[in-house]
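The figures here come from the full heavy-atom set of this structure, side chains too, leaving out hydrogens, waters and symmetry mates.
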Amino acid sequence: MADRITLKVTRYDPGRDHEPGFQTYEVPLRKDWVVLDALNYVKDKVDGSLSFRWSCRMGICGSCGMMVNGEPKLTCATFVSEYMPGPVSVEPLKHFPILRDLIVDISDFLEKLTKVKPWLIREEERRVVDGEYLQTPEQADTFRQFSMCINCLLCYAACPVYGLDPLFTGPAAIALAQRYNTDSRDQGTNERLDILSQHDGIWGCTFVGDCTRVCPKHVDPAGAIQQYKLTAAKEWIKSLLMPWGGR
Amino acid sequence: MLDVSSHDVLLVGGGGAGLRAAIAISEADAGLSVAIVSKVYPMRSHTVSAEGGAAGVIHPDDSLEEHIYDTISGGDWLCDQDAVETFVKEAPEELLRLEHWGCPWSRQEDGHIAVRPFGGMKKTRTWFAADKTGFHLLHTLFQTSLKFSAITRYDEYFVTRLLINDGCVQGVVAIELATGRIQAIIAKAVILCTGGCGRVFRFTTNASIKTGDGMALAYRAGAPLKDMEFVQYHPTGLPFTGILITEAARAEGGYLLNKEGYRYLQDYNLGTPQPKPVLRSMELGPRDRLSQAFVKEQEQGRTSEGLYGPVVYLDLRHLGEKVINARLPFVRELCLKYENIDPVKELIPVRPVVHYMMGGVHTDLNGATPLKGLYAAGEVACVSINGANRLGSNSLPELLVFGARAGRAAAAFAAGQQAPNRRQILAQALDEETRLHDQFLQKSGGRERISTLRDEMQTTMEKGAGIYRRGDLLTHTAGKLIELQERLGSVTLYDRSHVFNTELVSALELSFMLDVAECITHAALQRTESRGAHQRTDFPARNDERFLAHSLVYRQTDGRPRTEYLPVTITRWPPGERVYGR
C-alpha cells in the first residue's frame, strides 16, 4: 500500500474569492483513517485555515457530510483507503449554498423541518401521572426506521428534484413528517397533510430513490414520500366524494 | 459596530439540558423570550452520542430508596443526598414526559416501557431506545422545541464571555460563525448547558466540541467549579477514535479479557465469573473500578500492545449473531464501520477512555450558581448527584431533571428582574471585541501552533491527572499547564477570514480547556485521599475526616486556581464502604 495519497479539497473564502476552487494536499495514507481524519491532519499540521464541520466522529451527530469523489458521504465513515491510489476530491454538499470551504448553509432545511411539524400532535395531552401511551414493539417498528434520521442532509445533496427546485420540502423533512404520521401515539396526520400536499411538497418527487440509496442510517425517505402520496391522494378523493368534510 | 439583541432567559448550549430548560421556560411562562445560543446546531450536540440508557424507577419490585442508595454508594458518598433524592424522585416523570413527546423508548410486548440492567444499578431500571438512547432523546427534545415560538435560536454562535453588571450575569458576547460578527446578547438570566470537557484528555469518548466552554466561562466570571478532580473513565472505548462501546454490551453478557483470554476482573475483588451477567458484579462493576483494574493489568504486562498503546479485549462472540443484532446493533455497526472488526467473530480491542466529568459549575438544587442570574445544568454543572463517580444511565435523567429545574428557576428569576442597563453591558462587550481582535484576529509574529499546544496539554493531563495520580506528577502537570498558558499568547492564526473561522474557534476552545485543565489538576493535587474516580497512589485510602467535602476551585486575580472545601450534605445514609460483587 502506498504511504501517501492526494486530497483535492474545495477552498472558498467569500471575502477573497470570486468562486470556489481546489487546493491539493498530500496526506499520509493509513488503513484506519477516514476522510475526516485526513482533513484534520491538514488542519492541524499543514493549513490551519481549512474549514469544515465535524463533531462526534461516530456517524451520529450528522455534521460532517461532504461530497467525496462526487458522492454524498459522512466523512467520518468513509475510509480514505477506499479511494486508492487517489486523488480523492472532497467538496461541500451539493445543492446548498456554500459559506466557506467545505461548509454549506443548511438554514433552508431547518425552516422546512419546522414547517412539517415534527413533533407529537395530540387532540388531548395525557397527564404525566397517567403513565405512558401504550405502544407495542410492532407499532414502534412501523416508524422506527424514519426516526433514525440524523439530519446529515446527504439525501438533499443526492436529490435531483431539490437540485432543480429549492422549494421542494425534500427527503429528510418528509421522512420525519412520516415518522410522526406513522407513530401510533400521534394524531396530527391531517395537519401535516395540508402542508405536504401543496405543489412544492411531495408531488415534486419523481421517485428517483437516490435519497434512500445514500442514507447512512438506512432511512427510506423515498418510501416515505410514496406512502405520503398515497395518503394524500386518498384524502383528495375523499374530499371530492364528501366535500362537506369527511375527516 | 457591535450588534445587540436581548431576551429574558438565554441558554448557552442546545443539547439535552439546554433544550429541556428552554421547553420548561416556555411552559412555565409563555410570555418569556428564550434564546438558545449554541456553537453547533442543537441536534449536533454531544447528548446525541449517549448509547445505553436513562435510569428511572418504574418496576413495582424497585424503589426510589434503592436507586438513591445505588447512586450514593456508587458515588463513594460524595453525592449531596438531598440532591440525589430530588433527582431520583423526579427522574421517572421526566422520562415519561419524554415518552409523551414522542421518544421511541423500547417496549415490552404488552406495550409498556421496557427497562434493562445497567452497571452499578442493583435493580433493573434503565430505560432505553435500542442503543441510540441519547440520539432519540436529543432529537425528540429538539423537534418538540420547534413548536415553541418564544424560543429563538442562535445556531452556530460561539460564546466568548459572560457579561456581568453589578454582580449579576446579564448576557453573553458571542461570535456569529457564519459572518464573524461579534454580538452582545443581553438577558435577565443565563443558563449554561454546554456539557463536559473530555477533550482536555488524549483518549476520550467525547466529541470534538466538548471543550469545557461553559465551565471556563463561569470560572472566569467568578463562579467556583466543584469537584473537578473527579474525571470518569469509561472502561471500554475503542483506541484511536475513542468511540465508546456501551456498558450495555457487558449488561447483555460480554466478557472483559486480558491478553491471556482470562476474565481478569475476578482478581480485583469484583466477584466471581458467572456465565450470565450479575448486577454490580464482574463486568457490571462500577466504571472507575474497571478502569483501575486495566492499569493494574498493564503494570503486570497482561495487556496487549496495540497501535495506540495497551488494550484489553471485549468478547461478545458467545452471545451469537442473533442476540448481537437484536440487542446491540449499534455496537456491531460501530466496530465494523470504524475499526473494521466484527464482534460476532472477533475480539474487540478496548481501553479506558475519559468519558464524563462528575465536577462542574457549583449549583444548588435549582441549578443556581453563586453568581446572581447565572444557572447551569447537565454535565457542565455539579449539583452534585454524581459524587466521586457517576453511575451509568444517571446522566440522561440528570440533564432532564436539572435542565427543567434550572429552566423554571431562571424563568421565575427573570420575571422579577428589570431590563438590564444596556450602557454598562455594552461597554464590556466592546472590551471583549477589542480583546478578540488584539489577541487573535489581528495579532502576528507568534510561532506556536494550536494543535501542538493541544497535544501537549492532553499528554500532560493523561500523565499527571489520569486514572492514577501522584503528588509529584500532578505538580509537574500543573507547571506544564502554566507554561502552555503562556505559550498560548504566541499562537498565530493562519486564518484571517471572518467567515467560519474555525481556527479562531479552536484557539478559543484551547484557551477554555487550559483553564479547565488547571482546575482539574489543582483540585486533584489538593485532595490527598483516594475516593471514587480520584485515585492517589500516594494516598490510597479514603479520608472522610478531611475530605467528606466538595472542592470548590476559584480563579484568583493572577489567573491561578485556589481551592476551598464545602461539606457534603448527608441526610439519611451515613458513609459506608463501597462493596461490589457480593
Side-chain angles (χ1 to χ4, degrees), chain A residues 13-16 31-32 34 43-45 47-63 76-77 79 99-101 103 105-107 110 113-114 117-120 122 125-126 128-129 131-137 139-140 143-144 147-151 176 180 183 185-186, chain B residues 40-41 43-46 48-49 93 96-97 99-102 104-113 130 132 134-136 139-140 143-144 146-147 153 155 178 207-209 240-244 307 333-334 337-340 449-451 454 493-503 506:
Chain A
D13 179 351
R16 198 187 56 205
K31 195 166 155 266
D32 53 349
V34 293
K43 182 158 191 71
D44 287 347
K45 311 281 181 204
D47 183 348
S49 72
L50 180 63
S51 280
F52 48 94
R53 292 188 181 108
W54 75 288
S55 179
C56 74
R57 205 211 171 278
M58 55 185 283
I60 192 76
C61 77
S63 308
C76 71
F79 290 102
L99 285 173
R100 165 89 195 265
D101 296 345
I103 297 173
D105 181 355
I106 63 165
S107 50
L110 270 295
L113 179 67
T114 310
K117 304 192 174 182
W119 52 79
L120 206 72
R122 299 280 303 181
E125 295 211 9
R126 196 186 178 106
V128 169
V129 289
E132 72 264 53
Y133 297 114
L134 294 185
Q135 183 168 64
T136 64
Q139 288 174 319
F143 71 89
R144 189 169 292 281
S147 76
M148 294 297 181
C149 172
I150 60 171
N151 303 181
L176 283 163
Y180 286 94
D183 188 325
R185 298 168 290 183
D186 183 82
Chain B
V40 294
Y41 279 94
M43 70 283 190
R44 312 297 189 213
S45 306
H46 188 53
V48 85
S49 299
E93 53 193 83
L96 273 174
R97 196 164 279 124
E99 195 277 332
H100 289 191
W101 289 338
W105 296 115
S106 293
R107 304 282 177 156
Q108 299 172 178
E109 284 304 322
D110 65 3
H112 286 284
I113 301 290
K132 287 188 168 68
F135 162 80
H136 285 301
H139 279 253
T140 300
Q143 289 163 9
T144 302
L146 296 176
K147 73 177 172 188
R153 290 203 325 271
D155 295 333
S208 66
I209 56 175
F240 180 49
T241 58
I243 290 172
L244 178 150
L307 256 179
E333 182 193 323
L334 288 172
K337 233 183 212 158
Y338 304 94
E339 304 260 322
N340 204 13
R449 231 179 224 286
I450 295 168
S451 64
R454 199 169 53 210
L493 302 186
Y494 287 69
D495 196 342
R496 296 300 160 115
S497 172
H498 289 292
V499 179
F500 249 102
N501 191 328
T502 51
E503 200 186 21
S506 298

Legend entry - Residues A:Thr136, B:Arg107; criterion side chain to side chain contact (heavy atoms under 4.5 Å, CB included); working and verdict: CA-CA 6 Å; A:Thr136 64; B:Arg107 304 282 177 156; over 6 Å; no
Inset, instruction - Measure the spacing between OG1 of B:Thr241 and CG of A:Asp32 and express it to the nearest 0.5 Å. - result: 9.0 Å
Legend entry - Under-4.0 Å salt bridge between B:Arg454 and A:Asp44: yes
Legend entry - Part of A:Pro118 within contact of chain B (heavy atom distance under 4.5 Å): both
Legend entry - Full working for side chain to side chain contact (heavy atoms under 4.5 Å, CB included) between B:His139 and A:Asn151: CA-CA 10 Å; B:His139 279 253; A:Asn151 303 181; 3.9 Å; yes
Inset, instruction - Identify which of A:Asp13, A:Val128, A:Leu113 forms the greatest number of heavy-atom pairs closer than 4.5 Å to chain B. - result: A:Val128
Legend entry - Main-chain N/O of B:His112 paired with A:Gln135 side-chain donor or acceptor, under 3.5 Å: no
Legend entry - Taking every non-hydrogen atom, the tightest pair across A:Ala77 and B:Lys337: CB-CD, 4.1 Å
Legend entry - Interface moiety of A:Ile150 toward chain B, non-hydrogen atoms closer than 4.5 Å: both
Inset, instruction - With a 4.5 Å cut-off on heavy-atom pairs, point out which of B:Ser106, B:Ser506, B:Ser451 contacts chain A the most. - result: B:Ser451
Inset, instruction - Go through the steps for B:His100 and A:Arg122 under the test side chain to side chain contact (heavy atoms under 4.5 Å, CB included), then give the verdict. - result: CA-CA 10 Å; B:His100 289 191; A:Arg122 299 280 303 181; over 6 Å; no
Inset, instruction - Inspect the contact between B:Glu99 and A:Arg185 and indicate whether a charged nitrogen and a carboxylate oxygen are less than 4.0 angstrom apart. - result: yes
Inset, instruction - Can you see which heavy atom on B:Ser49 is nearest to which on A:Ile60, and at what distance? - result: OG-CG2, 3.8 Å
Inset, instruction - Check the surroundings of atom NE2 in B:His498: do more than 12 heavy atoms from other residues, nucleotides or ligands lie under 6.0 Å from it? - result: no
Inset, instruction - Working to the nearest 0.5 Å, report the span between OH of A:Tyr133 and CD1 of B:Ile113. - result: 12.0 Å
Legend entry - Residues B:Asp495 and A:Arg100 bridged, charged N to O under 4.0 Å: yes
Legend entry - Main-chain N/O of B:Phe500 paired with A:Ser51 side-chain donor or acceptor, under 3.5 Å: yes
Inset, instruction - Report yes if some heavy atom in the side chain of B:Leu96 is under 4.5 Å from a heavy atom in the side chain of A:Arg126; otherwise report no. - result: no
Inset, instruction - For chain B, find which of A:Leu110, A:Leu99, A:Asp47 contributes the most heavy-atom pairs closer than 4.5 angstrom. - result: A:Leu110
Legend entry - A:Val34 portion near chain B, given a 4.5 angstrom heavy-atom threshold: neither
Legend entry - Which atoms of A:Glu125 approach chain B - backbone, side chain, both or neither, heavy atom under 4.5 Å: side chain
Inset, instruction - Starting at CH2 of A:Trp119, measure out to CD of B:Gln143 and round the result to the nearest 0.5 Å. - result: 10.0 Å
Inset, instruction - To the nearest 0.5 angstrom, please state how far the SG atom of A:Cys56 sits from the CD1 atom of B:Ile243. - result: 8.0 Å
Inset, instruction - Compare every heavy atom of B:Leu146 with every heavy atom of A:Thr114, then report the nearest pair and how far apart it is. - result: OG1-CD2, 3.8 Å
Inset, instruction - Before giving the answer on side chain to side chain contact (heavy atoms under 4.5 Å, CB included), spell out for A:Phe52 and B:Thr502 the whole-Å C-alpha distance, their side-chain angles and the decisive distance to 0.1 Å. - result: CA-CA 8 Å; A:Phe52 48 94; B:Thr502 51; over 6 Å; no
Legend entry - B:Glu109 side chain vs A:Pro137 backbone, donor-acceptor pair below 3.5 Å: no
Inset, instruction - Quick one: closest heavy-atom pair of B:Tyr41 and A:Arg53, and the distance? - result: CE1-NH2, 4.4 Å
Inset, instruction - Kindly say whether A:Lys45 contributes a backbone atom to a donor-acceptor pair with the side chain of B:Arg449 at under 3.5 angstrom? - result: yes
Legend entry - Nearest-0.5 Å distance, SG of residue A:Cys61 to CZ of residue B:Arg44: 6.5 Å
Inset, instruction - Check each atom of B:Glu333 against the heavy atoms of chain A and say whether the ones under 4.5 Å are side chain, backbone, both or neither. - result: side chain
Legend entry - Separation between CE of A:Met58 and CG of B:Leu334, rounded to the nearest 0.5 Å: 5.0 Å
Inset, instruction - Would you check if A:Ser147 and B:His136 make a side-chain contact, meaning some heavy-atom pair closer than 4.5 Å? - result: yes
Legend entry - Residue pair B:Glu503 / A:Lys43: nearest heavy atoms and the distance that separates them: N-NZ, 3.7 Å
Legend entry - B:Tyr338 side chain vs A:Cys76 backbone, donor-acceptor pair below 3.5 Å: no
Inset, instruction - Indicate the atoms forming the closest heavy-atom contact of B:Phe135 with A:Cys149, along with that distance. - result: CZ-O, 3.4 Å
